[in-house]
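A short worksheet on the structure shown next.
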Amino acid sequence: MRIYCSENYETMSRVAANIISAQIIFKPNCVLGLATGSTPIGAYKQLVKWQKKGDLSFTQVRSVNLDEYVGLSPEHSQSYRYFMNENLFKQVNINIENTNVPNGMAENPEEECSRYNSLIEELGGIDLQLLGIGHNGHIGFNEPEAAFNLNTHVVKLSETTIEANSRFFDNDISKVPTHAITMGIKSIMHARKILVVASGADKSDILVKTFMGSVMPEVPASILQMHPDVTLVGDKAALSGLINAGAKITL
Ligand code: F6R
């Protein structure tokens, strides 16, 4: 595992964007596994800048996103498809037909999961999977106690997640989706390379548990210790716990 430590969020985002960019340059038709959330936004902004400058091209890139809420349409401002369109896809020269997010509006979410699993296989698997990490060690919507052996599946959101998310839905709990479709830990672990991004002191403890603690379903991201090609890119604040605990910083 490699750990890259940056001074702050901006420099961390540039490092992450450099790694994604290198993947695209080495394999122009690569399959990128993408994530939403606040952490990757800076990296996406950087990629947009480089593409506009002509340093990078997404014309052949294919993408698969980690997750989506059940019941939210691509036009809904809180859907992950909307997030990806706004923060990346609409701003770069990617062919939108080559971008994939689980369909939250599918009549049968279980069938949608099977379709998504087959799609990832047909694309030849994921070359580089980008991940953010939750405070409880979740990756995608794989919350603590999630089974390690699942591909894309439907999850029921916990009461605390629903409550926390209500701020994005007019503070109205009844508007918050109760289920989501997520790639499972197995799908994530099958990616050839994994890039984890983390920023802020509030991520410090969970990064120690994830990368220096026991591998266990209580900390879903801890399974990443078993992956042969993981790069963690974080800012100083996020990595402070790992540094204090003696983790070897690559750069
Ligand atoms: C995003 C996702 C989530 C986030 C995680 C961290 O598609 O599946 O697991 O990566 O919640 O979110 P941020 O980056 O907002 O801290």
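When a ligand or atom number is given, it counts from 1 through the structure's own listing order. Any value given below was found using the heavy atoms of this structure, including those in side chains, with hydrogens, waters and symmetry copies removed.
For the pair K193 and D229, the minimum side-chain heavy-atom distance is below 4.5 Å.
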Going through the checks in order, is the salt bridge (Lys or Arg N to Asp or Glu O under 4.0 Å) test met by K90 and E86?
CA-CA 6 Å; K90 275 192 193 169; E86 296 304 311; 2.7 Å; yes
Quick one, V92 with L56, criterion side chain to side chain contact (heavy atoms under 4.5 Å, CB included). Give me CA distance, side-chain angles, the key distance, then yes/no.
CA-CA 9 Å; V92 293; L56 188 64; over 6 Å; no
Quick one, Y116 with V64, criterion side chain to side chain contact (heavy atoms under 4.5 Å, CB included). Give me CA distance, side-chain angles, the key distance, then yes/no.
CA-CA 9 Å; Y116 210 70; V64 283; 3.6 Å; yes
Checking Q23 against K27 for the side chain to side chain contact (heavy atoms under 4.5 Å, CB included) test, could you report, in this order, the C-alpha distance in whole Å, the side-chain angles of both residues, the deciding distance, and whether it holds?
CA-CA 6 Å; Q23 172 65 67; K27 186 176 175 189; 3.8 Å; yes
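Using a 4.0 Å cut-off to heavy atoms of H138, the atoms of ligand 1 that qualify are 5 (C), 9 (O), 11 (O). The contact set between ligand 1 and I133, taken as ligand atoms under 4.0 Å from a residue heavy atom, comprises 6 (C). Proximity to L66 (heavy-atom distance under 4.0 Å) selects the following atoms of ligand 1: 8 (O). Residue G132 has at least one heavy-atom neighbour below 4.0 Å for each of these atoms of ligand 1: 10 (O).
Other residues, nucleotides and ligands contribute at most 12 non-hydrogen atoms within 6.0 Å of the CD atom of E97. Heavy-atom neighbours of R14 CZ from other residues, nucleotides or ligands within 6.0 Å: at or below the threshold of 12.
In this structure, atom 12 (O) of ligand 1 lies nearest to the protein heavy atom G37 CA, 4.2 Å. Distance from atom 8 (O) of ligand 1 to its nearest protein heavy atom, with residue and atom name: D67 OD2, 2.4 Å. Given atom 16 (O) of ligand 1, the protein heavy atom at minimum distance is K203 NZ, 2.7 Å.
The shortest N or O to N or O distance between T39 and ligand 1 is below 3.5 Å. Any N or O atom pair closer than 3.5 Å counts here, and G140 shares at least one such pair with ligand 1.
Contacts with ligand 1 closer than 4.0 Å are made by no heavy atom of L131, backbone or side chain. Of the heavy atoms in T36, both backbone and side-chain atoms come closer than 4.0 Å to ligand 1.
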Let me check something: any side-chain donor-acceptor pairs from residues 163-174 under 3.5 Å, sequence neighbours excluded? List them with distances.
residue : atom : partner : partner atom : Å
N165    : ND2  : Y69     : OH           : 3.0
S166    : OG   : E163    : O            : 2.7
R167    : NH1  : A164    : O            : 2.6
D170    : OD2  : K175    : NZ           : 2.5
D172    : OD1  : S174    : N            : 3.0
D172    : OD1  : S174    : OG           : 2.6
D172    : OD2  : S174    : OG           : 3.3

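Ligand 1 has no atom lying under 4.0 Å from any heavy atom of H135.
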